[in-house]
Protein chains: 2
Amino acid sequence: MFATEREYQFRPSNVTPFAAATTPTLASVFRNQPTEVVQAGGALFWEGDPAKHLFEVVDGVLRIFRIIGDGRRVITGFLFPGDLVGISMKDRYLYGAEAVTVTKVRRFARSSFQEKMNQHPELRPKLFARLCDEMAAAQDQMALLARKTAEERLCSFLLLLARRTEDASKSTPTVELPMTRQDIADYLGLTVETVSRNVTKLTARGMIVPKGRHGYQFKTERLALLAGDEDADNNGCDDRDIGCQRFGRTLA
Amino acid sequence: MFATEREYQFRPSNVTPFAAATTPTLASVFRNQPTEVVQAGGALFWEGDPAKHLFEVVDGVLRIFRIIGDGRRVITGFLFPGDLVGISMKDRYLYGAEAVTVTKVRRFARSSFQEKMNQHPELRPKLFARLCDEMAAAQDQMALLARKTAEERLCSFLLLLARRTEDASKSTPTVELPMTRQDIADYLGLTVETVSRNVTKLTARGMIVPKGRHGYQFKTERLALLAGDEDADNNGCDDRDIGCQRFGRTLA
DNA sequence: CGAGCAGTTGAACAACCTCAAAAACGGTGG
DNA sequence: CCACCGTTTTTGAGGTTGTTCAACTGCTCG
């Protein structure tokens with residue numbers, strides 16, 4: 001589909017450096033599976049396929065999507081290294097999964113995953129917590145789609161990506177956008193044109209600065225003011241914990 | 001808040017008559033807790049409250065909502081008898097829960113819920129399945145908000161409600177709308193006016209027929225054609241299983 | 001009865017979409 | 001290395017859907 005192979009570096013979602021060394025993680029269940037490579041644009045599975053496997057994203061970026069009437073596409077999430085795809089109790093996938101970039105995944109039969117989880121009951125709360133994070137992400141997204149303006153949506157999205165990059169702690173991280181404008185549009189419930197225009201606008205205002213092919217340097221504090229999550233006159237410092245990642249889709 | 005007490009009858013979500021008699025259900029964990037009554041408009045908890053309890057809706061309807069910048073409200077779900085509220089691994093609720101109608105709930109301390117689940121491990125997959133259903137519902141909602149027109153949103157919503165009524169199997173069930181137009185608008189990402197106009201339009205076209213104060217009789221097949229889930233020229237008969245309810249919010 | 005709120009209706013407006021075309025990539029092959 | 005081709009992105013002009021603002025109706029319940 002694409003011949004392009006883009007550069008990107010996102011860090012695994014739930015693998016904090018120290019915890020990884022001491023306690024078994026969900027990823028460890030997949031550790032000894034061989035990795036498979038999916039070319040950019042290639043499909044891992046389609047909506048409606050028998051849901052026989054789970055996958056762990058090892059490297060790259062996936063998009064999770066649905067098609068509704070008249071071929072309208074909705075991207076319900078992007079998946080990054082460390083994320084799981086295909087967890088469910090349904091016998092068919094409820095969405096399709098495609099590679100945005102060249103992607104490495106580890107495959108696991110659903111039955112053996114169940115087994116592994118029974119052998120390691122200490123992983124259960126971790127899986128549970130992940131579903132909860134994902135539910136929280138889904139609710140954020142509903143709020144975004146229901147009530148935010150195009151500009152707010154874009155800023156929220158950029159900040160979400162920023163949290164996944166190597167230097168997420170920096171106030172002006174450089175972030176790669178491996179997905180197309182069309183992907184972003186389908187994720188934010190907008191058109192390509194609207195996304196493009198707003199990227200241009202943010203660039204013109206200096207909130208983001210182009211860095212290389214698909215990269216931008218973000219002014220995260222200024223973007224946060226435009227993301228529409230707080231009152232305009234509130235400088236964003238409230239006491240709630242928002243430490244968790246809120247991005248991936250894990251369920252099928 | 002409201003003095004109004006509206007009539008409604010929705011059936012419990014995951015309690016199929018037969019299964020309830022034979023196997024222990026999630027609801028059975030709550031069975032012996034005393035029920036509390038929340039007046040219409042009253043709050044069960046607010047976003048940001050310490051998440052000390054879970055609740056089971058016994059009777060009535062709850063709305064789950066968030067407030068984003070500038071006071072914009074987003075209703076992320078309505079909860080009906082049998083649904084659970086407040087399940088999470090976070091120590092604070094990520095949303096508020098208010099009673100749409102007078103509502104009966106059973107309260108459970110989070111720790112004792114954990115205990116109960118450990119005592120009855122056979123309930124674990126049921127809880128898990130519920131989270132999966134909820135995730136599926138969230139994805140439906142994202143698709144609705146991202147890509148559907150006002151009319152499609154309203155029809156989708158009405159059909160969702162229809163599935164919860166006593167006579168859901170009938171092709172022209174009579175359904176109560178216990179929530180206000182504002183609630184519906186905040187759930188569908190629209191304004192009150194747009195909801196009102198579209199209700200009027202559907203009524204004029206005879207797709208829904210007013211029945212009493214807050215009730216309507218639905219022509220479900222005709223509504224389904226307008227819900228935007230299938231291609232316009234496809235009469236809605238595809239092979240995927242869509243039997244599950246997809247409505248409630250359980251997580252906090 | 002009348003105050004207050006939910007709901008409806010109308011007219012003007014704005015944000016976003018659609019359609020169209022040009023520009024910029026990114027890769028390919030001479 | 002450069003010319004070419006398909007794709008992605010940007011830009012522009014005009015149209016539509018849904019919003020905003022405002023007035024009005026009709027309940028319900030003191």
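Chain letters run A, B, ... following the sequence lines, proteins first and then strands; every chain starts at 1.
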> Once the angle between the rings of A/Phe78 and A/Phe157 is folded into 0 to 90°, is it parallel (under 30°), tilted (30 to 60°) or perpendicular (over 60°)?
tilted

> Would you check if A/Leu177 and A/Leu158 make a side-chain contact, meaning some heavy-atom pair closer than 4.5 Å?
yes

> Could you check which of D/dG18, D/dT11, C/dC16 has an atom nearest any side-chain atom of B/Thr149?
D/dG18

> Suppose we screen for salt bridge (charged side-chain N to carboxylate O under 4.0 Å, His left out). Which residues come up paired with B/Asp167, at least two apart in sequence or across chains?
B/Lys170

> Return whichever of A/Arg213 or A/Lys148 has its heavy-atom-nearest nucleotide of DNA chain C closer to the 5' end.
A/Lys148

> Whole angstrom is fine here: how far is it from CG in B/Leu145 over to P in D/dT17?
19 Å

> What is the distance from CG of A/Leu177 to C1' of D/dT8, rounded to the nearest Å?
14 Å

> Could you tell me the separation between the CG atom of B/Asn198 and the C1' atom of C/dG7, rounded to a whole number of Å?
14 Å

> Could you pull out all residues at least two apart from A/Arg213 that satisfy side-chain contact (heavy atoms from CB on, under 4.5 Å)?
none

> List for me each residue that meets salt bridge (charged side-chain N to carboxylate O under 4.0 Å, His left out) alongside B/Arg197, sequence neighbours excluded, and say none if there are none.
none

> Starting at CD1 of B/Ile184 and ending at P of C/dG7, how long is that distance when rounded to a whole Å?
8 Å

> Under 3.5 Å, sequence neighbours excluded: what are the donor-acceptor pairs made by side chains of residues 199-211 of chain A?
unit_1, atom_1, unit_2, atom_2, d
A/Thr200, OG1, A/Ser196, O, 2.9
A/Thr203, OG1, A/Val199, O, 2.8
A/Arg205, NH2, A/Glu151, OE1, 3.3
A/Arg205, NH2, A/Glu151, OE2, 2.4

> Expressed as a whole number of angstroms, how long is the span from A/Arg153:CZ to C/dC17:C1'?
13 Å

> Tell me the interatomic distance from A/Arg72, atom CZ, to C/dC17, atom C1', rounded to whole angstroms.
14 Å

> For every nucleotide of nucleotides 19-24 of chain D, 5' to 3': is a protein heavy atom under 4.0 Å from its base (B), only from its sugar-phosphate (S), or from neither (-)?
BBBB--

> Would you please name every residue forming a side-chain contact (heavy atoms from CB on, under 4.5 Å) with A/Thr194, sequence neighbours left out?
A/Ala150, A/Leu190, A/Thr191, A/Asn198

> Measure from NZ on B/Lys201 to P on C/dT9 and round the result to the nearest Å.
13 Å

> Taking only the side-chain nitrogens and oxygens of A/His214, find out if one of them lies under 4.0 Å from OP1 or OP2 of C/dG26.
yes

> Name all residues meeting the side-chain contact (heavy atoms from CB on, under 4.5 Å) criterion together with B/Glu221; count only those two or more places apart in sequence or in a different chain, and write none if there are none.
B/Ser171

> For the helix from C/dC1-D/dG30 to C/dG30-D/dC1, what angle separates the axis at the start from the axis at the finish, each from five pairs, in steps of 10°?
40°

> When the distance from CG of A/Leu202 to P of D/dT10 is rounded to whole Å, what number comes out?
12 Å

> Using the salt bridge (charged side-chain N to carboxylate O under 4.0 Å, His left out) criterion, which residues pair with B/Arg106? Sequence neighbours excluded.
B/Glu56

